[in-house]
Amino acid sequence: MLVFRQLFDPTSSTYTYLLGCSTSGEAVLVDPVFEQARRDAALIAELGLKLQWTLETHVHADHVTGAWLLKQKLGSGIALAAASDASGADRLLADGDRVTFGRRSLEVRATPGHTNGCVTYVLDDESMAFTGDCILIRGSGRTDFQQGDPRALYRSVRSRIFSLPETCLLYPAHDYRGLTATSVAEEKKFNPRLGGEVGEGDYVGYMKNLDLPHPKKIDEAVPANLRCGQPGNEAGVPPGTMEDPHWAPLRFTFGGVWEVEPHWLEENLAKVRVVDVREPNEFTGPLGHIRGATLVPLGELAARAPELPKDKPIVAVCRAGSRSAHATAILQKAGIADVANLPGGMLRWRAEGRSVEGGAL
Ligand SMILES: [Fe+2]
């Protein structure tokens, strides 16, 4: 079975695609975004997958790839087209190559035009293709910077993408209107730039008169992407922003919450401040509470957060771990950076036989 997820970066409107083989657990990630590497790594872990490769459809001008960062975090290999002229890749792809993940694979099709090194990845059964910025939903990528060439893009779409089965779903690298997927049949019929009877000359005329603004991040993104996302001296990547907190062995969830394991908390109670966000009657009730915990019911937390001393990291606790997950967001919004949730709350704490104050035996 194929595992498939479409992920979105709202800043650059980029789609990242996770494809995995459920039998082997091997996975690939197409077009990861630097700032979303932590999110993507959390999803891959929660789905029980092992990231084999990050794949680029091309050298992007609007965001920095997460390829290098994911390689540091997960040990994945970096693959992109040889024609992209990037350094730092573990595998350089050519037209016709196959990238295998478990029992599944993607075929590499050279589809130049937006850039020289653009490729489309086609799933083994031709049911899906990842077109990058070659064809977009009812649109196409720009051809007015990097090595853009409208004639090459037209030919790529007509000969390499429209030749796929009509039912093949197409997934682009971007959409700016919230559309998520299209099909070969749809784009053949309805793409205003490339479909129907539109000829090569018509497309060239269309693209020459688009008059688009200079991409905001191009001066920073292209040099970084030519190093597969390894940070350099450009101003755009502030040092340390992608570093994980070090005060405890924390886990970041796909839901966006830092978590600390109960056994670590029990052994390190003196290093943190435990904030219990249940109601007072729960705090003194049968589950008891963690020794030294400060009671601040969730409904009062936003107002009372400024009172909390900032000398130690805070671990938020509740009955089952849900209210306290929300509490971590409230505390971060109040400017407290070192915050984590206790997953499973007092129920799990008690079930694991950890020590409490008060409560029923
Ligand atoms: Fe692009």
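Positions are given from 1, in the same order as the sequence printed here. One-based numbering, in listed order, for ligands and for the atoms of each.
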| request: Output all residues satisfying side-chain hydrogen bond (donor to acceptor under 3.5 Å, both in side chains) with R193, sequence neighbours left out; order by chain, then residue number. | output: S140
| said: Is the ring pair Y17/F130 parallel, tilted or perpendicular, if the boundaries are 30 and 60 degrees? | reply: tilted
| said: Under 2.8 Å from the Fe ion (ligand 1), which protein N, O or S atoms do you find? Ignore water molecules. | reply: H58 NE2, H114 NE2, D133 OD2
| field | Summary of ring-ring contact (aromatic ring centres under 6.0 Å, His included) pairs that have at least one residue in residues 188-232, sequence neighbours excluded | value | none
| Looking just at side-chain N and O atoms, do H63 and T14 make a donor-acceptor pair shorter than 3.5 Å? | yes
| query | Taking the six-membered ring for Trp, are H289 and F283 parallel (under 30°), tilted (30 to 60°) or perpendicular (over 60°)? | reply | parallel
Output side-chain donor-acceptor pairs under 3.5 Å for residues 82-92, partner residues at least two apart or in another chain, one line each.
unit_1 : atom_1 : unit_2 : atom_2 : d
S84    : OG     : A81    : O      : 2.5
S87    : OG     : L226   : O      : 3.3
D90    : OD1    : K71    : NZ     : 2.9
D90    : OD2    : K71    : NZ     : 3.1
D90    : OD2    : I78    : N      : 2.8
R91    : NH1    : R98    : O      : 3.4
R91    : NH2    : R98    : O      : 2.9

